[in-house]
> 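Pasting in a structure now, in structure tokens, and then I'll have a few things to ask.
All heavy atoms count here, side chains included; hydrogens, waters and symmetry mates do not. For the single chain, residues carry numbers from 1 onward in sequence order. Values in this document were obtained by computation on a predicted structure and should not be read as measured data.
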Amino acid sequence: MNNVNEAPPPRSALWTAYATGALANGMTDMFAVIVPLWAYSIGMPPTEIGLIVGARGILPLIFGIHMGALIDRLGSRQVLMTVALTASLVSLIYPLSPWFWMLFVLQMIVGLSTVTGFICGTAMVGQLARGDTQRFAHFTFFSRFGTFSGPILTGVLWDLAGPWGAFSFIAI
């Protein structure tokens, strides 16, 4: 709980952190729906699709602690802006990528970006909440909302607008 003498954190900063949780986790699940759809639609076999989907965990496994240290050194906002821009731009390359290794590398980049984005959001809430568990609960709610709604939206967009529509939605 906040100390009585402490000013509450700015609402805009809290909402930014909550949105970060929703979008970073939501992006992970959005990619989990449309990347296999893309790979299947261009004729990749199930083994390659499984490898591509799993590739998103490689760089976070190797660099997760390093990214946390980078966030501590540069600040959550700076790192978040970089990884969000990276994930957005990379998402637009998918529909241009018909090769296994290209999709594999894109997934590694997106995996590191989305996981780091979520870590940034968690760090932001930690700094702003100062031990207030209610604010962490709000962050968790928005994070889970992103994982629920993101795949549904990208699936619908895939049906309505195809791969370009779904990947462009993620980029936006």
Side-chain angles (χ1 to χ4, degrees), residues 9-39 49-50 52-61 63-65 67-68 70-71 74-95 103 106-172:
R11 290 182 90 94
S12 62
L14 282 171
W15 282 106
T16 299
Y18 298 156
T20 299
L23 295 173
N25 261 1
M27 273 182 113
T28 299
D29 290 335
M30 289 181 218
F31 279 111
V33 170
I34 63 174
V35 169
L37 286 172
W38 174 245
I49 294 171
I52 289 167
V53 170
R56 73 173 179 226
I58 293 171
L59 293 181
L61 175 70
F63 295 114
I65 293 171
M67 295 309 283
L70 186 67
I71 292 166
L74 299 179
S76 299
R77 183 179 170 88
Q78 182 73 21
V79 176
L80 175 62
M81 298 307 287
T82 302
V83 297
L85 182 61
T86 300
S88 293
L89 293 176
V90 167
S91 69
L92 295 173
I93 300 172
Y94 278 88
L103 291 174
L106 291 175
Q107 280 288 95
M108 289 192 320
I109 294 167
V110 161
L112 184 62
S113 296
T114 56
V115 167
T116 303
F118 183 74
I119 294 168
C120 288
T122 305
M124 289 166 64
V125 170
Q127 293 162 354
L128 294 168
R130 298 181 214 113
D132 185 348
T133 56
Q134 185 177 17
R135 291 195 171 103
F136 276 105
H138 292 154
F139 177 77
T140 301
F141 171 80
F142 284 105
S143 173
R144 293 301 99 205
F145 181 77
T147 63
F148 166 73
S149 60
I152 295 168
L153 290 171
T154 51
V156 168
L157 282 168
W158 185 281
D159 281 342
L160 296 175
W164 277 105
F167 285 109
S168 295
F169 173 72
I170 291 176
I172 293 169

> For residues Thr147 and Asn25, is any side-chain donor paired with an opposing acceptor at under 3.5 Å?
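Asn25 and Thr147 do not have a side-chain donor-acceptor pair below 3.5 Å.
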> What do you reckon, is CZ of Phe148 surrounded by more than 12 foreign heavy atoms closer than 6.0 Å?
no
> Search all heavy atoms of Ala55 against all heavy atoms of Met108 and return the closest pair with its distance.
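Taking every non-hydrogen atom into account, O-CG, 3.3 Å.
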> What are the two closest heavy atoms between Ala13 and Met124, and how far apart are they?
O-CE, 4.4 Å
> Do the side chains of Thr28 and Arg56 get nearer than 4.5 Å, heavy atoms only?
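Heavy-atom side-chain distance check passes, below 4.5 Å.
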> Do side-chain atoms of Thr116 reach the backbone of Ser113 as a donor and acceptor pair under 3.5 angstrom?
no
> For the backbone of Thr82 and the side chain of Thr86, can you confirm whether one donor and one acceptor N or O come within less than 3.5 Å of each other?
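Yes, the answer is positive, given that a donor and an acceptor are paired below the 3.5 Å cut-off.
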> Between Leu80 and Arg77, is any pair of side-chain heavy atoms under 4.5 Å apart?
no
> CE/Met30 to CG/Leu153 distance, rounded to the nearest 0.5 angstrom?
6.5 Å
> Using the six-membered ring wherever Trp is involved, compare the ring planes of Phe167 and Tyr94 and label them parallel, tilted or perpendicular (cut-offs 30° and 60°).
parallel
> For a quick test of reading the model, state the closest non-hydrogen atom pair linking Ala24 to Thr114 and the distance between them.
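Closest approach of Ala24 to Thr114: CB-O, 3.7 Å.
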> First locate atom CZ of Phe118, then atom OG1 of Thr20, and finally report the distance between them rounded to the nearest 0.5 Å.
10.5 Å
> In terms of heavy-atom contacts, does CD1 of Ile65 have more than 12 from other residues, nucleotides or ligands at under 6.0 Å?
no
> Over all heavy atoms of both residues, which pair between Phe169 and Thr154 is shortest? Give the atoms and the distance, please.
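Minimum heavy-atom separation between Phe169 and Thr154: CD2-CG2, 3.9 Å.
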> Are the aromatic ring centres of Trp15 and Phe142 under 6.0 angstrom apart?
yes
> Identify the two heavy atoms, one from Gly121 and one from Ala17, that lie closest to each other, and give their separation to 0.1 Å.
O-CB, 4.1 Å
> Once rounded to the nearest 0.5 Å, what's the spacing between atom CG of Leu37 and atom CZ of Phe31?
13.0 Å
> So if I apply the side-chain contact (heavy atoms from CB on, under 4.5 Å) rule between Leu106 and each of Val90, Ile52, Val35, which one comes out positive?
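Looking at Val90, Ile52, Val35, the match for Leu106 under the side-chain contact (heavy atoms from CB on, under 4.5 Å) is Val90.
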> Distance from Phe145 atom CZ to His138 atom NE2, nearest 0.5 Å?
15.0 Å
> Quick one, Trp38 and Leu103 - any side-chain contact, counting heavy atoms below 4.5 Å?
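Heavy-atom side-chain distance check passes, below 4.5 Å.
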> To the nearest 0.5 Å, what is the distance between CG (Leu70) and CD (Gln78)?
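Leu70 CG to Gln78 CD: 9.0 Å, rounded to 0.5 Å.
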> If I compare all heavy atoms of Leu128 with all of Pro9, which pair ends up nearest, and what's the gap?
O-CG, 3.2 Å
> Which value, rounded to the nearest 0.5 Å, describes the distance between Ile109 atom CD1 and Leu89 atom CG?
11.0 Å
